[in-house]
Amino acid sequence: MTPTLASSTPPMIEARGLGFARRDEGVFGPLDFALSGGGIGLIEGDNGSGKTTLLRVLAGLLRPSFGTARVLGAEPGSETAREGTATMGHLLGLKADLSALENLRIGMGLYGHKPTPGPFAMLTQVGLEGYADEPVRSLSAGQKKRVALARLALLPARLWLLDEPYANLDRHGINLVNDLLTAHAAAGGAALVTSHGAVSFHQGVTCTVRLAA
Amino acid sequence: MTPTLASSTPPMIEARGLGFARRDEGVFGPLDFALSGGGIGLIEGDNGSGKTTLLRVLAGLLRPSFGTARVLGAEPGSETAREGTATMGHLLGLKADLSALENLRIGMGLYGHKPTPGPFAMLTQVGLEGYADEPVRSLSAGQKKRVALARLALLPARLWLLDEPYANLDRHGINLVNDLLTAHAAAGGAALVTSHGAVSFHQGVTCTVRLAA
Amino acid sequence: MSAASLGGAFRTMLVRDLLLAWRRRGDAMLPVLYAIIVATLFPFALGPEHALLARIAGGVVLVTVLLAMLLALDNVFRGDLDDGALEQMLLAPQPLSLLLAARMLAYWLVTALPLLLVAPVLAYMLGLEPAAQPVLLLALLLATPLLALLGIVLTALTAGTRRSGMLLSLMLLPLAVPIVIFAAGAVGAAQQGLPWVAPLAWLAAALALALVLAPLACATALRIALDT
Amino acid sequence: MSAASLGGAFRTMLVRDLLLAWRRRGDAMLPVLYAIIVATLFPFALGPEHALLARIAGGVVLVTVLLAMLLALDNVFRGDLDDGALEQMLLAPQPLSLLLAARMLAYWLVTALPLLLVAPVLAYMLGLEPAAQPVLLLALLLATPLLALLGIVLTALTAGTRRSGMLLSLMLLPLAVPIVIFAAGAVGAAQQGLPWVAPLAWLAAALALALVLAPLACATALRIALDT
Amino acid sequence: MRSVETLRMDKFLAMGGFAQYVWPAYAAFFVILAGDVLATVVRRRRVLRELRGRLARQGTRRPRVSA
Amino acid sequence: MNAFKLWYHKLGSPPYFYVFAGYIQPWLWTIALLLAAVGLYGGLVLAPPDALQGDAFRIIFVHVPAAWMSLFVYGVMAVSAFVAVIWRPKMAEVLAMESAPIGAAFTLIALITGSLWGKPMWGTYWTWDARLTSELVLFFIYLGIIGLYHAFDDPRQGARAASFLAMIGAVNLPIVHYSVVWWNTLHQGTTVHYFGPSSIAPSMLWPLLLMTIAAKFYYGASLMGRSRVALLSLERGKDWVADEVRGDTAHG
Ligand code: HEM
Ligand SMILES: Nc1ncnc2c1ncn2[C@@H]1O[C@H](COP(=O)(O)OP(=O)(O)OP(=O)(O)O)[C@@H](O)[C@H]1O
Ligand SMILES: Nc1ncnc2c1ncn2[C@@H]1O[C@H](COP(=O)(O)OP(=O)(O)OP(=O)(O)O)[C@@H](O)[C@H]1O
Ligand SMILES: [Mg+2]
Ligand SMILES: [Mg+2]
């Protein structure tokens with residue numbers, strides 16, 4: 001691991017000696033790193049090195065086995081942490097029977113939030129113009145991923161936790177993710193992104209966590 | 001589309017005016033292309049351009065709406081075609097409750113085939129040494145993909161249809177796929193591979209099918 | 001967390017669930033059809049003897065409604081779990097119990113309400129005495145939400161597992177025994193012309209308690225089952 | 001396709017399914033438990049009156065076993081569909097009907113056989129006359145494979161839809177009615193001391209026919225459902 | 001010619017005519033509890049075997065955490 | 001108090017508990033077997049046949065201890081389940097989950113011996129009597145808890161989920177019991193009162209008490225054995241387990 005402290009604002013994620021073990025068998029850690037507003041962090045590692053597991057720990061879906069993690073100054077999974085965090089995992093959490101637009105509305109409703117660009121405009125922005133009323137079931141793998149990206153961008157979250165956001169996306173999609181990340185960081189947000197290194201974010205990475213398999 | 005005929009052996013895949021439409025709305029086509037033994041074909045296209053759909057048509061899981069396709073000289077989905085074809089899709093077809101080794105054995109049993117390198121050795125080859133008895137459920141996304149690749153390599157199929165074989169894999173995994181493809185082609189086999197262009201096979205591509213979104 | 005945003009989240013969930021049910025309205029009809037068919041099977045299995053059927057009518061309708069609700073229970077979290085929507089719910093800033101309360105209400109509206117509408121028809125077809133009919137309906141009106149609340153808590157406990165609905169039946173039915181006994185007790189008493197208010201009062205008391213506790217218990221159960 | 005490789009594929013599938021059942025042996029126990037629990041619910045719903053229970057015992061056991069098998073049916077293709085294993089089966093060079101025959105055999109072994117073992121216990125607890133017990137067992141021995149074959153064909157038809165098991169019940173139960181009538185007829189006759197061979201002979205004939213046709217029908221149904 | 005002991009034993013085993021209920025009850029008691037013990041023994045063996053295998057192949061996997 | 005606290009924390013630590021359990025287990029076994037031997041001799045040989053039931057009453061010496069244990073074990077399990085859900089100590093999870101199969105075994109014994117006793121007494125192996133029925137429901141609750149535990153891939157998660165179910169079941173048990181009693185009186189009819197407040201003869205009483213205590217010790221012994229195995233499997237990554245396994249291999 002390479003601990004890198006970016007700026008002087010209080011860190012959005014702070015891990016101290018953080019580690020996770022399944023049945024006392026280590027998956028990753030101990031890790032020390034911090035990520036502040038305006039920064040993009042990469043989690044790099046080979047298949048099975050624990051990238052997904054680390055993100056789930058930070059989201060509060062798994063409890064760390066040792067060490068501590070603070071997310072937005074609170075326990076991972078606490079209300080404060082949840083309120084300011086948005087997560088995108090291997091499973092996108094879209095309802096296949098509802099349309100792309102309805103899915104976005106639900107995502108916003110769960111955060112009690114009505115952003116100004118609006119869900120319809122956002123769909124256009126992610127390249128799904130004309131697919132707003134299409135049920136998600138009948139979208140291709142990459143199109144589903146784009147709906148999830150649109151939802152992410154609509155939520156009022158300062159911190160993004162993204163698991164392989166580039167998978168299944170074409171070249172335009174990859175650029176889209178990079179643009180979203182840049183804009184998010186410019187607005188003072190932070191993002192933690194897993195990647196295999198083949199495709200990933202390169203400009204302005206403020207912190208890299210390397211996991212060993 | 002760019003029809004490219006590679007060598008002079010009878011083609012393993014031959015598409016003439018092949019197209020698919022859902023409710024009379026075109027997804028792709030008409031396409032003309034051929035792929036012969038020893039060749040690797042790429043299907044390129046943006047998200048939603050119909051790559052997955054094309055592979056499913058060639059596997060015999062969907063019926064073409066117009067045009068004809070011949071796979072190994074027979075109808076797609078006929079017994080001859082199935083016998084010589086192995087497919088890997090978005091869903092890997094692994095049983096989560098069975099171990100990696102058991103999954104490989106089942107794959108071989110369905111093709112009535114006992115190859116000499118053997119499933120155990122093959123798992124080592126794809127970088128899963130020590131995971132043979134682990135239930136597939138507890139493997140990471142990339143590790144599951146590797147099990148599916150091992151199964152592919154064990155089957156007695158001359159033709160491979162691979163949908164995004166690189167997704168979820170790390171750098172070693174990508175090299176592994178490329179090595180498998182090279183070896184398969186060298187042994188006289190053929191493979192049709194979808195890709196977004198970001199990561200893909202580059203050496204000795206004999207045919208490229210480009211789909212427009 | 002403002003009250004408005006709480007209400008908004010509750011509404012979002014409720015609308016979402018009703019919308020999903022509407023998109024799959026064929027599926028939503030099926031518990032009813034299932035109940036009809038099971039109730040119809042009994043005359044075939046027992047022979048068409050009228051007195052016998054009338055004697056068991058109340059009980060058969062109760063058991064049938066219970067089993068139909070049980071079948072639909074299995075899917076309460078299954079879909080949301082498989083596509084990751086449940087994870088999104090867990091990660092949303094709103095209290096989980098609130099979102100689950102909406103889920104419970106939607107489940108009752110979609111599954112139990114149609115069953116309540118056909119239950120009198122089934123009871124009539126099996127020959128239940130007219131005097132006992134309103135009591136049966138009243139019993140079901142109290143028993144079905146109770147079953148729904150209890151059932152969803154248990155379903156939440158099985159959410160992390162890939163088990164079929166069978167495990168759920170094993171867990172739910174012992175806990176449902178008192179509900180069945182009291183509901184059947186009221187109907188039986190009405191059939192014999194005895195007073196039937198007491199058992200229903202018990203059910204009502206249990207329901208009041210469950211309405212308060214079940215969403216909280218369900219949130220706890222879900223967090224345990226998904227290990228958060 | 002050599003005979004050896006056909007046999008090998010059949011064995012592979014059978015072993016695979018039994019292995020999966022073994023890995024989830026808790027699940028395999030569940031239909032039995034479900035049947036026991038549903039059978040126990042009836043006395044709760046109807047009251048513990050011995051004569052009444054004895055009168056309906058045969059029918060209740062039949063319906064219960066049917067429902068238990070039905071619940072397990074839902075999972076016959078569900079898992080294989082969700083993880084893509086079904087697609088691999090469709091794409092394998094062996095005839096699909098052969099693989100499905102293995103699937104059916106495994107299903108009967110895992111689900112119905114344990115039910116056959118507990119059915120006499122349930123019948124006893126409900127008070128069925130000893131004379132009717134062997135007839136009940138015989139009826140179940142013929143009815144369960146018939147239901148399994150029929151059920152799996154229908155399950156295959158619904159495989160492509162992402163519907164719950166409900167649609168299945170809806171389709172299966174009308175078809176199961178004749179089976180229930182014949183089986184219940186035999187048991188009822190035995191309870192009254194009448195000859196009971198004829199209805200069972202009908203069941204046996206239907207079973208012989210289904211054994212030959214069901215795998216083929218199932219393969220066709222699956223291909224239709226998955227649009228290949 | 002049967003001895004007094006045998007007769008007494010027969011009488012004991014007959015349980016005043018209730019042998020077919022009493023002895024199965026006792027058998028159930030001891031067999032089920034023995035099954036409980038046996039299950040534990042078998043499970044202990046299996047767990048130890050698994051653990052030994054794990055220990056043996058530890059080199060090929062990631063290191064264990066001791067915390 | 002400090003001694004108790006120390007003891008509690010020590011026992012709460014798996015390696016210490018493992019050693020402790022291994023130490024007391026033989027003693028529990030010895031006491032259980034001795035008490036059972038004396039109790040059986042007293043019950044089967046010394047006690048005279050019952051005036052009404054003849055020798056059939058001798059089933060009491062296995063039936064009643066098992067029936068009582070079925071409730072007692074549930075009580076122990078429910079308490080550890082409560083602790084497991086609230087404070088999450090590993091030992092409470094282990095004790096709750098390893099108690100469940102033992103409790104289920106005793107419940108099954110009570111059901112089987114009870115129905116074997118029922119045949120000569122009531123003329124049938126089974127009737128829908130209140131006590132019988134609620135014991136059957138108890139058996140199902142045990143099975144549900146065990147089933148839920150095994151449904152999870154991660155045993156600790158399964159233990160917590162099943163503990164939660166055990167708590168719900170604990171609330172439900174008295175309700176079931178009384179509702180079943182009322183149920184029988186609602187439809188009056190076949191209710192017979194089999195269990196009078198019998199003034200039991202001393203020659204019967206002491207073997208019964210011995211068997212009851214023996215059953216408790218058996219429970220302790222079995223629970224210790226089970227917990228030890230569970231700990232080995234749960235703590236498989238820890239050094240003490242590795243040492244234990246190596247030691248075990250060395251011994252044979
Ligand atoms: C399947 C049948 C039976 C079951 C499930 C069963 C169950 C039970 C249970 C759960 C208890 C403990 C109750 C408590 O402590 O609150 C118990 C106690 C007892 N049972 Fe049974 N029983 C059955 C049959 C019988 C029969 C046939 C007899 C004798 C005629 C009998 C005699 C007793 C006695 C004497 C006690 C102890 C007295 C007491 O605690 O009140 N049981 N039984
Ligand atoms: N549910 C599980 N149960 C047990 N072990 C698991 C489970 N999920 C993952 N693992 C194991 O934990 C390790 C880390 O898995 P994780 O999914 O975090 O890897 P990853 O870095 O995301 O890999 P990938 O790049 O392949 O997605 C792997 O060795 C995997 O085998
Ligand atoms: N089941 C379906 N029903 C209806 N339309 C579908 C279905 N699956 C895909 N489509 C549509 O067909 C088109 C092609 O989809 P396909 O999955 O073949 O794309 P793809 O090239 O594989 O894309 P990706 O790179 O995102 O995987 C898309 O526009 C999609 O919306
Ligand atoms: Mg991952
Ligand atoms: Mg695709």
Side-chain angles (χ1 to χ4, degrees), chain C residues 24 26-34 36-38 40-47 49 52-53 55-64 66-68 70-72 74-75 78-79 82 161-174 176-181 183-185 187-188, chain D residues 24 26-38 40-47 49 52-53 55-64 66-68 70-72 74-75 78-79 82 161-170 172-174 176-181 183-185 187-188:
Chain C
R24 296 213 155 286
D27 259 12
M29 288 301 297
L30 287 168
V32 172
L33 290 167
Y34 176 85
I36 294 176
I37 293 172
V38 174
T40 343
L41 267 188
F42 270 93
F44 289 116
L46 300 179
E49 193 185 309
L52 177 70
L53 287 177
R55 169 72 185 77
I56 65 170
V60 166
V61 171
L62 271 173
V63 172
T64 301
L66 171 67
L67 291 179
L70 189 66
L71 279 192
D74 194 23
N75 294 323
R78 172 73 50 102
D82 286 351
T161 73
R162 270 147 218 265
R163 289 295 164 98
S164 59
M166 292 276 178
L167 177 61
L168 201 59
S169 344
L170 176 61
M171 288 161 59
L172 178 62
L173 289 177
V177 159
I179 305 181
V180 173
I181 288 179
V187 177
Chain D
R24 295 218 158 283
D27 257 15
M29 289 298 298
L30 285 169
V32 172
L33 287 169
Y34 179 83
I36 295 176
I37 293 171
V38 173
T40 349
L41 268 188
F42 275 96
F44 289 122
L46 302 178
E49 195 184 307
L52 176 70
L53 289 176
R55 172 72 186 78
I56 65 169
V60 165
V61 171
L62 271 173
V63 172
T64 300
L66 169 68
L67 290 179
L70 192 69
L71 274 196
D74 194 22
N75 294 323
R78 169 74 52 100
D82 286 351
T161 72
R162 273 153 213 259
R163 293 294 165 92
S164 62
M166 290 281 178
L167 181 57
L168 196 64
S169 346
L170 183 61
L172 181 59
L173 284 175
V177 162
I179 304 181
V180 171
I181 290 181
V187 176

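Quick caveat, the model's predicted, so the values are computed rather than measured.
Residues satisfying the side-chain contact (heavy atoms from CB on, under 4.5 Å) test with C:Pro178, not counting sequence neighbours, are C:Phe182, F:Asn172, F:Ile175, F:Val176, F:Ser179. For C:Val38, the side-chain contact (heavy atoms from CB on, under 4.5 Å) criterion is met by C:Tyr34, C:Phe42, C:Thr64, D:Leu67, D:Leu173, not counting sequence neighbours.
Looking at D:Ile56, the atoms closer than 4.5 Å to chain C (heavy atoms on both sides) sit in the backbone and in the side chain alike. Neither the backbone nor the side chain of D:Ala183 comes within less than 4.5 Å of any heavy atom of chain C. Neither the backbone nor the side chain of D:Ile36 comes within contact range of chain C; no heavy atoms are under 4.5 Å apart. There is no contact between C:Val187 and chain D, counting heavy-atom distances below 4.5 Å. With a 4.5 angstrom heavy-atom cutoff, D:Val63 touches chain C only via side-chain atoms.
Closest approach of D:Ala45 and C:Ala184 over heavy atoms only: O-CB, 3.4 Å.
Checking each of C:Leu62, C:Ile179, C:Ile181 against D:Phe44 for a side-chain contact (heavy atoms from CB on, under 4.5 Å) leaves exactly one that passes, namely C:Ile181.
Rounding to the nearest 0.5 Å gives a distance of 6.0 Å between CG of C:Leu66 and CG of D:Leu41. A distance of 5.0 Å separates CZ in C:Arg55 from CD in D:Glu49, rounded to the nearest 0.5 Å.
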